[in-house]
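Reviewing the structure listed below.
Side-chain atoms are counted along with the backbone in the values below, which use heavy atoms only and exclude waters and symmetry mates.
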Amino acid sequence: MSGPARIAAGDPRYEDFVVRGDNARFPPRPDAFVLARSTEDVARTVQDAVRAGQRIAVRSGGHCYEDFVSDPTVRVVLDLAAMDRVGFDAERQAFAVEPGVRLMDLYRALYLGWGVTVPGGASELVGIGGHLLGGGYGPLSRRFGACSDHLYAVEVVVVDADGRARAVVATRDPADPNHDLWWAHTGAGGGNFGVVTRYWLRSPGAEGGPGDLLPRPPASVLASSTVFPREGLTREALRALVGGHGRWHERNSAPDSPYAGLFSGLVLFAVAPQDDPGIGAILFNHLDGTGADAEELLARAVREMTGGVDAPRYDMPVERAPWLSTMVKLARAQDGESGRHKIKSAYLRRGYTDAQIDTIHDHLWGDGHAFSSATISLQSYGCAANAIAPDATATAQRDSVLRALYLTSWADPSTDEANLDWTRRLYRDVYATTGGVPLPDDRNDGCYINFPDVDMADPRWNASGAPWQYLYFKENHPRLQQIKKRWDPLTVFSHALSVQ
């Protein structure tokens, strides 16, 4: 059997591998890209890099928002895009998924083949390889928890103290001698302990045939959307909209909530420098449409979220559609950004204060921006995602009701510093009372490792006094350090925000 394909500089394929990543700010230029097709390919590539003293990085979907793969000290990029198989493993009674599978392809394979799914993100392009490692969440997480909550086992190529690369399987079973390696892959993020070459997915306690071993999504989804023109969104109106959305989630995010089947997103748009459509915000809601009272539940939620908003609005007709087609539509909307990006995140235990909303208004509604687009998205969390103890998995944030995502995109490299500075100041000012970051307290609960942000390790932007590790991993960090010591004693796998 032939080994992995090695694409070095000068190979006509090299530039295609350079531009395969999503964030144009960070085009990797290693000595070689290695396209692996099997666990054996991965182990051989890792072993060769260790023997040669070359730093190695790994990518699956190519959606890292920082320079973890493109760091100039990385000499070999191990590309897992060709490892994209999904199947049912009868021996383990679980679905075997390789890391190069993209999310929408995974959903199609699981749902069309067996009628099941996992509660991951809405994207056609993101790879499961990195997504699941950081926990992974999406429209079904309020009903079924984080994506990693359904991880039964993981195959990882690790390097021991003697520099020997080998594949290890770690499972959910507490009696498994490798159990700690499984635990570390349920929320610590990628690039920490080894190279994942296969996931096995099965929900805790699930028994029966393949169609019983993972969650079944709703047969239909009710979708509503409301558009708010910027012209009518005064400070007071934005306070009412963002505040009402946050308070609704505070009231309706317990594990037993009748709204566990609802996923809501409130997207706030900055003034664009040109061709601005004049949209200030869009509120969308997706609700499990199979219940007898689904229409009334959805209408009530929208009324409660927006009832106090004194501003023009356009309510789109409520649509009912099959679950998978709804996911495709949402994914295409969320995958629309291209070019150069900066992203920041926060877990919210409570909605934003009026002072924070005023800060958002002043920044988003300002002028003189260099970006092509900038948004703040507030997305539903809670319910089943909060029904698990913070130390049961590596995902420590288990009592939040919303996740906030700050995304700035642009095309011109000469405006990098202007855009980075704008995004950093916006985020810092929103969290001015907690040192410029969402320091865990009664309102905030840190950051999401799948949206890594090196500013959290920079005292110029993190003045909270808390180390970046606490913002991402909280009290789980010491255990992650011990697992790192056991499974990656030579620190073969590292980046700016990896467990040390």
Side-chain angles (χ1 to χ4, degrees), residues 36-39 60-61 63 80-133 135-155 169 171-172 182 185-186 196-223 260-261 263 286 288-290 320-335 384:
R37 295 182 174 85
S38 66
T39 299
S60 52
H63 280 71
L80 306 181
M83 297 180 66
D84 59 358
R85 291 174 285 266
V86 179
F88 184 71
D89 184 334
E91 181 179 353
R92 293 191 185 274
Q93 283 293 289
F95 294 92
V97 179
E98 291 184 331
V101 177
R102 294 186 171 188
L103 292 183
M104 197 55 64
D105 292 330
L106 174 63
Y107 303 150
R108 288 189 181 98
L110 292 177
Y111 186 61
L112 299 179
W114 296 276
V116 298
T117 192
V118 287
S123 173
E124 288 195 289
L125 306 176
V126 170
I128 189 67
H131 183 72
L132 193 147
L133 293 179
Y137 82 104
L140 293 178
S141 289
R142 281 167 60 88
R143 177 73 78 190
F144 300 119
C147 190
S148 59
D149 293 341
H150 302 271
L151 179 65
Y152 168 71
V154 61
E155 180 181 65
V169 174
T171 72
R172 184 192 292 142
W182 167 86
H185 286 85
T186 59
V196 174
T197 54
R198 187 175 291 106
Y199 297 105
W200 285 272
L201 303 175
R202 187 177 79 208
S203 300
E207 297 179 348
D212 303 309
L213 300 180
L214 283 174
R216 287 186 172 273
S220 66
V221 173
L222 288 176
F263 176 71
H286 287 184
D288 180 342
T290 59
R320 180 185 291 272
W323 169 75
L324 188 58
S325 66
T326 301
M327 283 292 287
V328 170
K329 185 176 181 179
L330 182 59
R332 289 175 178 170
Q334 297 192 165
D335 286 336

Flag, side chain of Arg85 to backbone of Val97, donor-acceptor distance under 3.5 Å
no
Sequence neighbours excluded, every pair satisfying side-chain hydrogen bond (donor to acceptor under 3.5 Å, both in side chains) that has a member inside residues 321-332
Glu124-Arg332, Glu319-Lys329
State which residues pass side chain to side chain contact (heavy atoms under 4.5 Å, CB included) with Ala81; sequence neighbours excluded, sorted by chain then number.
Arg20, Asp79
With no hydrogens and no angle check, is any side-chain donor or acceptor of Arg37 less than 3.5 Å from a backbone partner on Met83?
no
So, do Ser220 and Thr290 sit near enough that their side-chain heavy atoms are less than 4.5 Å apart?
yes
Heavy-atom side-chain contact between Arg102 and Ser60 under 4.5 Å:
no
Using atom types as modelled and distance alone, determine if a side-chain donor or acceptor of Arg320 lies under 3.5 Å from a backbone N or O of Gly289.
yes
Within a strict 4.5 Å, meaning less than it, do heavy atoms of the Glu98 and Val86 side chains meet?
no
Tell me, please, which residues at least two apart from Thr117 pass side-chain hydrogen bond (donor to acceptor under 3.5 Å, both in side chains).
none
Checking Asp149 now: which residues fulfil side chain to side chain contact (heavy atoms under 4.5 Å, CB included) with it, not counting sequence neighbours?
Ala146, Ile388, Thr393, Arg398
Let me see the working for Asp105 and Arg108 under salt bridge (charged side-chain N to carboxylate O under 4.0 Å, His left out), right down to the final yes or no.
CA-CA 5 Å; Asp105 292 330; Arg108 288 189 181 98; 3.5 Å; yes
Residues in side chain to side chain contact (heavy atoms under 4.5 Å, CB included) contact with Asp212, at least two apart in sequence or another chain
none
Residues which pass ring-ring contact (aromatic ring centres under 6.0 Å, His included) with Phe144, listed by chain and number, not counting sequence neighbours:
none
I'd like to check the side-chain hydrogen bond (donor to acceptor under 3.5 Å, both in side chains) partners of Tyr152; sequence neighbours left out, ordered by chain and number.
none
Cut-off 3.5 Å, side chains only: do Thr186 and Ser148 have a donor facing an acceptor?
no
I want to check something: taking the side chain as every heavy atom from C-beta on, are Leu133 and Val196 in contact at a cut-off of under 4.5 Å?
yes
Using side-chain heavy atoms (C-beta onward) and a distance below 4.5 Å, is Trp182 in contact with Leu151?
yes
List in chain and number order the residues that pass side chain to side chain contact (heavy atoms under 4.5 Å, CB included) with Ala206, two or more places apart in sequence or in another chain; answer none if no residue qualifies.
Arg202, Ser203, Leu213
Applying ring pair (Phe, Tyr, Trp, His ring centres under 6.0 Å), which residue pairs with at least one partner in residues 89-108 are found, sequence neighbours left out?
Phe88-Phe95, Phe95-Trp114
Using modelled atom types only, decide if a donor and an acceptor are shared between the side chain of His131 and the backbone of Gly120 within a distance under 3.5 Å.
no
Does Glu155 reach the side chain of Thr39, with side-chain heavy atoms less than 4.5 Å apart?
yes
Got a sec, which residues hit side-chain hydrogen bond (donor to acceptor under 3.5 Å, both in side chains) with Gln334, two or more places apart in sequence or on another chain?
none
Only counting residues at least two apart or in another chain, list the ones meeting ring-ring contact (aromatic ring centres under 6.0 Å, His included) with His185.
Phe193
Run the side-chain hydrogen bond (donor to acceptor under 3.5 Å, both in side chains) test against Asp84 and tell me which residues pass, sequence neighbours left out.
none
